[in-house]
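Heads up, the thing below is written out as structure tokens.
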Amino acid sequence: MKAYGRRLAKHGYVVASIDYRLLPLLSIGATSLIRSMYMASQDVSSAVRFFKAYCNEYRIDTNNIFLLGNSAGSIAILNHIFMSDEERPAETFLSPDLGPIHSSGYDEYVAYSPKVSGAIAQWGGLTDIHIIDSAEYVPLCLIHGTEDTKVPYDSGYCYNSAYSFIMPYMYGSNAIANHLSECGVDDFEFHPFEGEGHCFYIQSLSVLLEDKFEACFSITRDFLYSHLLLPEPLFVLSKNIDKLQVFPNPTDDILIVELPDRGVKSVVLYDLKGMVITENNYNSSQSSTVLNLRNIPAGMYLIHVEDYDGKQCYRKIIRK
């Protein structure tokens, strides 16, 4: 999470890694694990509502709150998003009753909505796949190793069937993706990693496998990029420009703007606050131009292109 936090912060995001209640080791069993999953989901809800209540202090855009989790964290965020009080597991009503799904936290932010704009669930799952329906859906990005034996890639008991007598039965990312398709949902991403196990980019508690982490981070970065809701007036635009190409995107340093038919009249690069970073105007029609982004910090930007017919549009780009 520290590695994710640092990288996302460099891209301009506000990042928080939260605590949630944990299960004592001596209490492990199917019932207590389900209760623990539920409590973690309650605490995710509490954190979301806290940051909405204090959005000005932490400079948070409440229209663009996304959740990212690994393993238990993914289980917590999936339950947070999709579970209603009517869908609470029976185990959560046992003494002491754990209360409604969105009841955790202090009174001063209990009235804020727990809704988020999307989530990235890495090697996560659900005990009840039917809590997902299209009416409450938010965009999901699912990442999972096909050989995961701790949280099943498709469905089964956690930590493989050898421990089924104390482990809950769960539906992993493959089962969730199939269920989403059956529900008619198409705004989701599913990224299976063939032959990989659980939390496959961590070799130990202190060693990160950089190439595998980079693969997962790139998926996360691009998912956020494609689902970020930008404020007005950045989306008050005229018609799109046919055949406009802006590439490579994401880019390390060089960005090519290509418009073979009409020619490029101007190219303006903005940050997400609407501030102009660079502006280029051309006196004569040219089919392409190259922007040097080498001295621009990593992050997400908007590029505004106008052609010689007066048409214009914006494209989101990422500087890696």
Side-chain angles (χ1 to χ4, degrees), residues 1-21 39-70 73-74 76-85 99-121 136-141 187 217 220-237 268-278 296-304 314-319:
M1 290 296 98
K2 287 182 179 179
Y4 257 111
R6 292 190 186 100
R7 290 287 299 277
L8 288 170
K10 288 181 179 179
H11 281 70
Y13 292 98
V14 178
V15 185
S17 182
I18 73 164
D19 283 334
Y20 48 82
R21 286 168 284 176
M39 289 189 292
S41 301
Q42 288 178 310
D43 295 342
V44 171
S45 173
S46 175
V48 170
R49 289 179 283 113
F50 169 86
F51 284 114
K52 287 188 176 182
Y54 293 95
C55 61
N56 292 331
E57 181 175 343
Y58 292 102
R59 301 177 65 194
I60 291 170
D61 178 356
T62 57
N63 293 317
N64 285 302
I65 294 180
F66 292 82
L67 302 176
L68 166 69
N70 285 334
S74 288
I77 65 177
L78 289 170
N79 279 310
H80 159 80
I81 292 169
F82 296 114
M83 185 179 290
S84 65
D85 287 329
I101 183 72
H102 300 301
S103 62
S104 179
Y106 293 105
D107 291 341
E108 60 260 37
Y109 52 89
V110 71
Y112 289 86
S113 169
K115 188 173 177 61
V116 296
S117 297
I120 302 95
E136 60 192 358
Y137 181 74
V138 299
L140 282 184
C141 178
D187 186 17
F217 180 83
T220 297
R221 177 199 63 207
D222 294 348
F223 173 80
L224 293 172
Y225 157 81
S226 62
H227 288 89
L228 193 68
L229 300 175
L230 297 178
E232 303 287 1
L234 297 181
F235 275 167
V236 180
L237 311 174
V268 184
L269 184 71
Y270 296 89
D271 65 16
L272 296 187
K273 296 179 181 178
M275 300 296 292
V276 175
I277 305 300
T278 62
I296 295 174
M300 187 179 298
Y301 297 88
L302 285 177
I303 187 170
H304 174 265
Y314 286 84
R315 293 286 177 84
K316 289 183 287 185
I317 66 164
I318 289 178
R319 163 77 164 91

If you round to the nearest 0.5 Å, how far is CG of Asn63 from NZ of Lys52? 8.5 Å

Does Pro297 reach the side chain of Arg319, with side-chain heavy atoms less than 4.5 Å apart? no

With Ser84, which residues qualify under side-chain hydrogen bond (donor to acceptor under 3.5 Å, both in side chains), at least two apart? Glu86, Glu87

Minimal non-hydrogen separation, Asp271 against Tyr301, with atom names: CA-CD2, 3.8 Å

Could you report the tightest heavy-atom contact between Tyr20 and Gly73, atom names first, then the distance? OH-N, 3.7 Å

Apply side chain to side chain contact (heavy atoms under 4.5 Å, CB included) to residues Met300 and Tyr13 and explain how you reach the verdict. CA-CA 9 Å; Met300 187 179 298; Tyr13 292 98; 3.4 Å; yes

Which of parallel (below 30°), tilted (30 to 60°) and perpendicular (above 60°) describes His227 and Phe223? tilted

With distance as the sole test, does Ser74 use its side chain to make a donor-acceptor pair with the main-chain N or O of Gly69 at under 3.5 Å? yes

Between Ile317 and Leu269, is any pair of side-chain heavy atoms under 4.5 Å apart? yes

Checking Leu8 against Leu224 for the side chain to side chain contact (heavy atoms under 4.5 Å, CB included) test, could you report, in this order, the C-alpha distance in whole Å, the side-chain angles of both residues, the deciding distance, and whether it holds? CA-CA 10 Å; Leu8 288 170; Leu224 293 172; 3.8 Å; yes

Can you confirm whether His80 sits close enough to Val116 that some side-chain heavy atom of one is under 4.5 Å from a side-chain heavy atom of the other? yes

I want to check something: taking the side chain as every heavy atom from C-beta on, are Glu136 and Phe82 in contact at a cut-off of under 4.5 Å? yes

How close do Tyr112 and Arg49 get, counting heavy atoms only, and between which atoms? O-CD, 2.9 Å

Hey, mind stepping through Arg315 and Leu302 against side chain to side chain contact (heavy atoms under 4.5 Å, CB included) and telling me if it holds? CA-CA 6 Å; Arg315 293 286 177 84; Leu302 285 177; over 6 Å; no

Distance col, row Arg6:CZ vs Lys10:NZ, nearest 0.5 angstrom, shows 8.5 Å

Do Phe217 and His11 have ring centres separated by under 6.0 Å? yes

What closest approach, in Å, do Tyr270 and Val276 show between heavy atoms, and which atom pair accounts for it? CE2-CG2, 3.6 Å

All pairs passing salt bridge (Lys or Arg N to Asp or Glu O under 4.0 Å) where residues 12-21 contributes a residue, at least two apart: Arg21-Asp43

Students often mix this up, so state it plainly: with edges at 30° and 60°, are the rings of Phe50 and Tyr54 parallel, tilted or perpendicular? tilted

Member of Val14, Thr62, Ile65 meeting the side chain to side chain contact (heavy atoms under 4.5 Å, CB included) criterion with Cys55: Thr62

Of all heavy-atom pairs between Gly99 and Gln42, which one has the smallest distance, and what is that distance? O-NE2, 3.5 Å

So if I apply the side chain to side chain contact (heavy atoms under 4.5 Å, CB included) rule between Ile77 and each of Leu68, Leu67, Ile120, Leu140, which one comes out positive? Leu67

My understanding is that only one of Ser45, Ser46, Ser113, Ser41 makes a side-chain hydrogen bond (donor to acceptor under 3.5 Å, both in side chains) with His102; could you say which? Ser45

Look at the side chain of Lys115 and the backbone N and O of Val138, then say whether any donor-acceptor pair between them is shorter than 3.5 Å. no

